[in-house]
Structures are given as C-alpha cells and as structure tokens.
Amino acid sequence: MAQPNDREAAAGDLANGSAQRPTVRVGVATVAAMGGSLVIALARFAYAPLEPALVTAGWFSGSQAALLAAANLGGYLIGALLAARLSRRFGAAKLLRITMLIVSISFLACAVRWFPFAWFLLWRVASGVGGGLIMALAGPAVLSFVAVSRRAFVSQMVLFGLAIGIVIAGSLMPLLISGGIVLAWIVLGIMSLLITAVTWRMWPPSEPVEAPAAKADPERAGRFCVQYALAAFGVVPQMVFLVDFVARDLDRGVNVGSHFYLVYGVGAVIGPFAYAALAKRVGTRAWLRCALVVQFVAITMLSLWTSTGMLIVSSFLAGLGMPALIALFLVRSQQITDGDPMRHRVLWGKATAAFAAAQASAAFGTSALLGAYGENGIGYPILFAVGSVAMALAFALDFFIRK
C-alpha cells in the first residue's frame, strides 16, 4: 500500500491553513486509523454470523439476539454524540487508545455465559459507544494532515479495516463458531487487544481543544447529515442482518449465511480501491451518487429475489459500496467544511451521530419486526423495502446540496 510521507503531511497542513501543526507520518497514522476501523468491524460485523448461532445454541431468543445487535448500534449513537466533547477535553489520540481497549474487553466479557442478559446488553452497548467514538474521531484525526490530492485515497484506506473485518466475519467466524461460541468471543477479544497494542503509539498527536470549532454552512451541513442518515438506514439490512436473514428466515443455516457474508466481504475489499481510483477521475461527488445507486440496486434485489444467484450479486454489490460509501461521505464532509480541521471534526461527529441514529432506528425496528412478524417471515422484506426507499431519498437529496 502506497503511503503518504512527511512532506505530504506538510502539504496537507498548508492546504488546511495550519502551518504550525506538527509533522506527522501520515502512512503510520493511516495504519492506526485502519486498525481502529478494524476493531469497529469486529464489534459490528463479526456479530452477524454470531447472532443466529447464539439463538441455535440456546444462549438467547431470536428477539434477544436482534436486540443485542440493536444495542450495539444504539451505543454507536451515544459514542458519536459524545465524541466532540470528549475529544476537546482529553484529546483524540488518548481517547482513541482507551476506546479500542474497552471494545477489546467487551468481547472477553461476552464470553462469560452464566451472567444474565443485561450483562451482555451492557457490553454490547459499550462496544457500540467505542465504535461511535472511533468512527467520529479516527478519520478527521488523520485527514487533517493529508494533502488535498490524496484525501480520497487515504479516506478509503482509513476505512479499509471495515472491509477486512467483514472478510473475517464471513470466513473465520464460522470456523470459530464451530468450536464453540465462547471460543469465538475470546478470539475476537484477543485479536482486538493485539490491534490495540500494535497501533497504540501510531496515532497522530493531538491536544485537547478548549474552544468549540466554528460551524460549517448550516444549510449544507444539515442536508448532508440527513443524506448520510438515509444512506445509513439503507445499508443496515445487509450490513447487520444478512447472515440471520439467510440462516433463519430462508432456513439455509449459519454456514450458508456466512458464505454470503464472505461474498459481501469480497465486495467490501474491492470497493475502496475501485471508488478511490474513480473518484480521482470524475470527482468525489459523482462517485458518491454512483455508490448510492449501487446500494439501492443491492437492497432492492434482496427484497425481490432470494435465489442463490441473486443473493450472491446482491451481497457483492452491497459490499462494494460499503465501506467505500462511508469513505466518500468522509471526503465530502471535508469539502463542505473547506478543509478546516476543526469544523470538519464537528461536522463529521454530527454526521456520524446521524448515521448512528438511523442505524439504531433500523436495528431496533428490525428487532420489533422480528418479534411481531418473525413467525410469518415478513419482517425482513418490510425492512428491505424501507431500506430501498431510504437509499433512493439519499440519492435524490444529493442534488439539493450546493457545491
């Protein structure tokens, strides 16, 4: 992977109008942020194959397992809302290190089966809070040091850890689950602890900020957050519930569901490179619209056809646009704030909160749908249809956000 050097960091500082900022090895900082997004992915995506396994192994009921997935997304919202305030007080680097450690511990805590359901709910919320903090802070912490010409590529690399996590969820998790759910939780915890240790000193330096940053154009920022929230709602079905849908709703088993998630992961690995290259040619905004269309097609296919071939195509397309879609939104948020690092941190924190709120709503809604209509098999089709509408609205709204 090509890595930006120190001179590029200086160029990024000049582009942001902050020549006094410290010199940072952007390549090293990018690896740290990639590690942070990988920890998020393990907390979020590795649970997808675990969810039906927890039900079949008798740990939880179907609605309880779905509630744990929703709890993680609810915690994500809390973390996103607290990110700006906590980073001003403690500094982003210190907060990111502590957060990754807490997420790692949450996996090990969930390996203890004899605790009540509230114990697992608490730790899934904690891991979600950590995920929200990491997502809100890691990207801006690195991009503020990156030259304008390299931001599209670096943003994709920052979020490439999500793609790696999806591949792990689709390939490694079925093997771990076959050895027992306790083993799966423990291995996830050890992996996260190792990532935390390796990246501990890689984060770029940051100091607590005493005063809040100036606000971006409120009209553009507001529409951007709404658009990001709509896109977030649209990606939830395949990002969170694909394995459970195939395993239990279509009655094909956890292993088959995990195979489709692996296809999703292959798309997620290819997507960042493809979108970064194309964004450089035609512009971030054009490829953001393209990514939204790809996600719309993927979720619509899932709601209309459930044959093996269609599920493969739908899973691949959904993975292709995620996490590339998030990275494109990350770059767009920096464009909207004219590259100012403080305004960008504030806007991206708000956008992450909007993203988390939409995903939590979708996840809790899915939990309620499964509880009410799970026996009839219509809970997921309703969610897929709503997801298609949300993605179409996100695409339409982009034409109302000024350049």
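Residues S333 and L330 have side chains in contact (heavy-atom distance under 4.5 Å, counting atoms from C-beta outward). No side-chain heavy atom of L121 sits less than 4.5 Å from a side-chain heavy atom of Q64. In this structure, F117 and F60 have side chains that are in contact, with non-hydrogen atoms separated by less than 4.5 Å. Residues L96 and L133 are not in side-chain contact: their nearest non-hydrogen atoms beyond the backbone lie 4.5 Å or more apart.
Classification of the Y228-F329 ring pair by plane angle, with boundaries at 30° and 60°, yields tilted. Classification of the F224-W348 ring pair by plane angle, with boundaries at 30° and 60°, yields tilted. Classification of the Y47-W185 ring pair by plane angle, with boundaries at 30° and 60°, yields tilted.
The line from CG of L77 to CG of L82 is 9.0 Å long, rounded to the nearest 0.5 Å.
Judged as a ring-ring contact (aromatic ring centres under 6.0 Å, His included), and not counting sequence neighbours, the contacts of F395 are F399. Under the ring-ring contact (aromatic ring centres under 6.0 Å, His included) criterion, F115 pairs with W119, sequence neighbours left out. For F245, the ring-ring contact (aromatic ring centres under 6.0 Å, His included) criterion is met by Y380, F384, not counting sequence neighbours.
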Handout entry: Chi angles and distances behind the side chain to side chain contact (heavy atoms under 4.5 Å, CB included) call for L162, I40
Key = CA-CA 7 Å; L162 295 179; I40 297 175; 4.3 Å; yes
Practice task
Determine, step by step, whether Y76 and M135 satisfy the side chain to side chain contact (heavy atoms under 4.5 Å, CB included) criterion, reporting the C-alpha distance in whole Å, the side-chain angles of both residues, the deciding distance to 0.1 Å, and the verdict.
Solution key: CA-CA 9 Å; Y76 191 92; M135 182 60 74; 2.9 Å; yes
Exercise for the section: Start with the C-alpha distance between S37 and F160, add both sets of side-chain angles, then the distance that settles side chain to side chain contact (heavy atoms under 4.5 Å, CB included), and finish with yes or no. Expected result: CA-CA 7 Å; S37 64; F160 190 64; over 6 Å; no
Exercise for the section: Report the C-alpha separation of I299 and S314 in whole Å, then their side-chain angles, then the decisive distance to 0.1 Å, and conclude whether the side chain to side chain contact (heavy atoms under 4.5 Å, CB included) test is met. Expected result: CA-CA 7 Å; I299 186 63; S314 175; over 6 Å; no
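A donor-acceptor pair under 3.5 Å is absent between the side-chain atoms of T300 and the main chain of V297, judged by distance alone. The backbone N or O of N72 lies less than 3.5 Å from no partner atom in the side chain of R124, so there is not a single donor-acceptor pair. Between the R289 side chain and the A396 main chain, no donor and acceptor come within less than 3.5 Å of each other. For Q227 (side chain) and L397 (main-chain N/O), no donor-acceptor pair under 3.5 Å exists by modelled atom type. Formation of a donor-acceptor pair under 3.5 Å by the T199 side chain with backbone atoms of A32 is not found in this model.
R85 CZ: 12 or fewer foreign heavy atoms inside a 6.0 Å radius.
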